[in-house]
Amino acid sequence: MSVRALLDQRLRLAMRDCGLPAHLGPQLARASRPEFGDFQANGALAAAKAMKAKPRELAERMLAAAQLDGIVARAEIAGPGFINLHLADDFLARLLDDLGHARRLCPPAERPQRILVDYSSPNLAKEMHVGHLRSTIIGDAVVRVLEYLGHEVIRQNHMGDWGTQFGMLIAELEDHLGAGEAPDLALADLEQFYQSAKAHFDLDVEFASRARHYVVRLQAGDPHCRALWQRFIDISVAHSEAIYRQLNVSLTHADIRPESAYNPVLEEIVALLVDQGIAREDQGALVAFLPELADQHGKPAAVIVRKSDGGYLYATTDLAALRYRSLVLGAERILYFIDARQSLHMKQVFALARKAGLVDPAVALEHHAFGTMLGPDGKPFKTRAGGTVKLAELLDEAVARAAQLVAAKNPELMETSPEEIARKVGIGAVKYADLSKTRTHDYVFDWEAMLSFDGNTAPYLQYAYTRTQSLFRRAAAIPGAAPGPVRITEDAERGCALLLLEFGEILRQVADDAYPHVLCNYLYDLASAFTGFYQQCPVLKDGIDPGVRASRLALCQLAARTLATGLDLLGIEVMAEM
RNA sequence: GCACCCGUAGCUCAGCUGGAUAGAGCGUUGGCCUCCGGAGCCAAAGGUCAGAGGUUCGAAUCCUCUCGGGUGCGCCA
């Protein structure tokens, strides 16, 4: 049990003993200022108001009733009725010893769930660009946290491999192959290939009509079109998977369930909506109406589920996917990591799915939106020419920039290659810069800031970790220098200790709210507290008492483990030296 | 027209289950290597929390309105 949970439980019991109703809690929080102790309970204020009692008096009674022996060294009432709690050093030390010997850094979730996470989901018609980055790495971080807490996670990469553009693309591919070109050569640059197909489509009437015809033939299962399509898809998927490897993202081939997979059931989904009277014909198309999402004038939201030409749109595909995920895969919670611009669409799809009974009524449907990546000018991130920035090129640049830094700043490395460091630092910097900002906001992409060793950046955290490793290498050479029981005497040690004990709580918060920046901020606080401690509290220097040395080594070890685990959950790698 | 998101230090961002004097980093200014990695640490300066009302013992946080910025909305995905 975490420190907070324990205090909460004890104070809650005390409140019951004081005759307070169950809905009034202790409102426990970390103390806002050091002189207020480690934790503060604000609940007496609210409770006093509800019971028409005097806040300070009630706080006194709560404190008298609370069983805090051995946990709290000192407690006092302050201000209008805050309860300030100073934890006992030996209590903290004991918890740290337990944590140090435990296999995991936090207890697993009390109720493990089957959770489905839809993320990355690039459009295969084009090369992956910066627009795909956020979904991919935010989703992956949340997935890792959920798994660490013991949930069963089903990853779903809902790749866009179907739709009107593919007629154009296979017509283009057909022309290339007809000219004797090998498919992987023709598709070496997907972006260029797409632009070329688009140009032909716009300028060449014969080509455009062939492209439109191919869409129909493809969807009807024509073998020739299907074969061309498959070639294109295979190469495009391979490209995405190469990016995933470079990004250290945990998606695999088995997680791909693309749009085309739902093609066979779309007709059935639409029929279901019509039968239930949810959808009806309107201006030639089949439209679902949602009075529950009406605007202030009572006009219901309208969603087209089948075009007037008989074709289907992505709303229908998403409904089919939801049914499969809930009723076939049995997901209890379904998370979508998709751009904020899709918010209305997701809302409509969720409402429709529930209304039509396509999902289990108990399933949680969550759209975790995120903002746009902006360039240094505050406008959407583009190349100088105004085109989209390819993800592959962005990542290469990150590694190249990191390599430059390593070459410029590092003296001699013992066991790690500069290439490995550059890769981990460069990729880590790009991911962390994104993950550390509140998901829902737009964020400004800035090479300089993300690769800095100062501030809330990946390199700073990785550096803090390498210092622990350096220390352990040194300790290994000293006879008798081994981690031992923790003793807390210095403020810097306390600061570290309290943070180390908070890790599990932070992970639960990330699992509940899907905000990885909470974990980033925590790790930054921990790294700062650790470097402060490391600066002030000598570990291996001459004249250090062996007991103190053993205690500080144990703290270092826990800090190292927590940093490495936390970064790993963000999909960021650490190294022994940098 | 309708709907959603966002306005916090010069810049980039935290804080928003309402709590005590609103926090970091960058940048600026000034300190700290006889010391486990100075790729570090410490300190100072810097704020009408967009504005106005309201709820409350208490509001950056909740409600309403206004201003400013962004995004989306029946035949792309």
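Within every chain, numbering begins at 1; the chains are lettered A, B, ... in the order of the sequence lines, protein sequences first and strands thereafter.
At a threshold of 4.0 angstrom between heavy atoms, the contacts of A:Phe533 with the nucleic acid are absent. Within 4.0 Å of A:Gln283, counting heavy atoms only, lies at least one base atom of the nucleic acid. Across all strands shown, A:Ala46 has heavy atoms under 4.0 Å from base atoms, whether or not it also approaches the sugar-phosphate. When heavy atoms are screened at a 4.0 angstrom cut-off, A:Leu344 is found touching the sugar-phosphate backbone but no base atom. Heavy atoms of A:His345 sit nowhere under 4.0 angstrom from any nucleic acid atom. Counting any heavy atom pair closer than 4.0 Å across all strands shown, A:Ala285 reaches a base atom. Heavy atoms of A:Gln348 sit nowhere under 4.0 angstrom from any nucleic acid atom. The residue A:Cys520 sits apart from the nucleic acid: no heavy atom pair falls under 4.0 Å. Note on A:Arg306: nothing from the nucleic acid sits closer than 4.0 angstrom, heavy atoms only. Residue-level contact check: A:Asn84 touches the bases, meaning some heavy atom is under 4.0 Å from a base atom. Using a 4.0 Å heavy-atom distance criterion, A:Ala449 is classed as making no nucleic acid contact.
Counting only heavy atoms from C-beta on, A:Arg341 has its side chain closest to B:U71 among B:G37, B:U71, B:C75. If you check B:G38, B:G15, B:A39 against the side chain of A:Arg467, the one that comes closest is B:G38. Among the nucleotides B:C2, B:G58, B:C75, the one closest to the side chain of A:Leu313 is B:C75. Which of B:C36, B:G74, B:G37 sits closest to the side chain of A:Val539 comes down to B:C36. Of the candidates B:C13, B:A77, B:A24, the closest approach to any side-chain atom of A:Lys437 belongs to B:C13. When the nucleotides B:C13, B:G40, B:C36 are ranked by their closest atom to the side chain of A:Phe453, B:G40 comes out on top. Looking at the side chain of A:Gln40, the nearest of the listed nucleotides B:C2, B:A20, B:G74 is B:A20. Which of B:A3, B:G19, B:C75 sits closest to the side chain of A:Leu45 comes down to B:G19. Here the nucleotide nearest the side chain of A:Pro538, chosen from B:C26, B:C75, B:C36, is B:C36. If you check B:G23, B:C36, B:C2 against the side chain of A:His297, the one that comes closest is B:C2.
A donor atom on one side chain and an acceptor atom on the other are not found under 3.5 Å apart for A:Thr466 and A:Gln462. Judged purely by distance below 3.5 Å, without hydrogens or angles, the side chains of A:Tyr214 and A:Gln219 never pair a donor atom with an acceptor atom. Defined by atom type and a distance below 3.5 Å, a donor-acceptor pair is missing between the side-chain atoms of A:Thr372 and A:Tyr443. No side-chain N or O of A:His129 forms a donor-acceptor pair with one of A:Glu127 less than 3.5 Å apart. For the residue pair A:His86 and A:Glu76, a side-chain donor N or O sits within less than 3.5 Å of a side-chain acceptor on the partner.
Rounded to whole Å, the separation between the P atoms of B:G19 and B:U61 comes to 10 Å. Going from the C1' atom of B:G46 to that of B:C5 covers 30 Å, rounded to whole Å. Across the C1' atoms, B:C32 and B:G69 are found 44 Å apart, a figure rounded to whole Å. A distance of about 36 Å separates the P atoms of B:A77 and B:C63, rounded to the whole Å. The same atom, P, is picked in B:G51 and in B:G10; the two are 13 Å apart, to the nearest Å. Distance check on atom P: B:G40 versus B:U48 gives 31 Å, rounded to whole Å. B:U17 and B:A59 have their C1' atoms separated by 15 Å, given to the nearest Å. When the P atom is compared between B:G15 and B:A9, the two are found 15 Å apart, to the nearest whole Å.
B:A52: Watson-Crick or G-U partner is B:U64, with both key distances under 3.5 Å. Nucleotide B:A59: unpaired (no Watson-Crick or G-U wobble partner with both distances less than 3.5 Å). B:U29 is paired with B:A43 under the Watson-Crick or G-U wobble criterion, all donor-acceptor distances under 3.5 Å. Nucleotide B:U34: unpaired (no Watson-Crick or G-U wobble partner with both distances less than 3.5 Å). Across all strands shown, B:C2 is found opposite B:G72 as a Watson-Crick or G-U wobble partner, with both distances under 3.5 Å.
Taking atom CG on A:Leu290 and atom P on B:C2, their separation rounds to 20 Å, with Å as the unit. In this structure, A:His129 places its NE2 atom 16 Å from P of B:A77, rounding to the nearest Å. Following rounding to the nearest Å, A:Tyr522 (OH) and B:G15 (C1') show an atom-to-atom distance of 18 Å. If you measure from atom NZ of A:Lys347 to atom C1' of B:U71, you get 14 Å, rounded to the nearest angstrom. What separates CG of A:Asp454 from C1' of B:G27 is a distance of 12 Å, to the nearest Å. Per the geometry, CG belonging to A:Leu461 stands 17 Å off P belonging to B:A24, to the nearest Å. Remark: P of B:A14 and OH of A:Tyr443 are 12 Å apart, rounded to the nearest angstrom. Nucleotide B:G25 holds its C1' atom 12 Å from the CG atom of A:Asp446, rounded to whole Å.
The side-chain ring of A:Phe36 is stacked on the base of B:A20, judged by centre separation under 5.5 angstrom and plane angle under 30 degrees. The aromatic ring of A:Tyr314 does not stack onto the base of B:C76, failing the criterion of a centre distance under 5.5 Å from the six-membered base ring together with planes under 30° apart.
OP1 or OP2 of B:A3 sits under 4.0 Å from a side-chain N or O of A:Gln296. Side-chain nitrogen and oxygen atoms of A:Lys307 include at least one within less than 4.0 Å of the OP1 or OP2 phosphate oxygen of B:C76. Phosphate contact (OP1/OP2 of B:C41, side-chain N/O of A:Thr531, threshold under 4.0 Å): present.
When the nearest nucleotides of RNA chain B are assigned to A:Gly284 and A:Asp295 by heavy-atom distance, the more 5′-ward of the two goes with A:Asp295. Between A:Ala78 and A:Gly532, it is A:Ala78 whose nearest contact on RNA chain B lies nearer the 5' terminus.
A donor N or O paired with an acceptor N or O is found under 3.5 Å between the base of B:G37 and the side-chain atoms of A:Ser470. Residue side chain A:Asp525 does not reach the base of B:A14 through any donor-acceptor N/O pair under 3.5 Å, judged by distance alone. Interface remark: the A:Thr164 side chain does not form any donor-acceptor pair with the B:C76 base, using a distance-only criterion of under 3.5 Å.
Classified by its glycosidic torsion, B:G40 falls in the anti category, the angle being over 90° from 0.
In summary, A:Arg306 and A:Glu267 do not engage in a salt bridge, as defined by a charged side-chain N under 4.0 Å from a carboxylate O. Under a 4.0 Å N-O distance rule, the pair A:Asp8/A:Arg12 qualifies as a salt bridge. Residues A:Glu420 and A:Lys424 are paired through a salt bridge, judged by an N-O separation under 4.0 Å between the basic side chain and the carboxylate.
Of the possible polar contacts, none joining the A:Thr438 side chain to the A:His441 backbone as a donor-acceptor pair under 3.5 Å is found.
No close placement of the A:Tyr194 and A:Phe232 rings is indicated, their centers lying 6.0 Å or farther apart.
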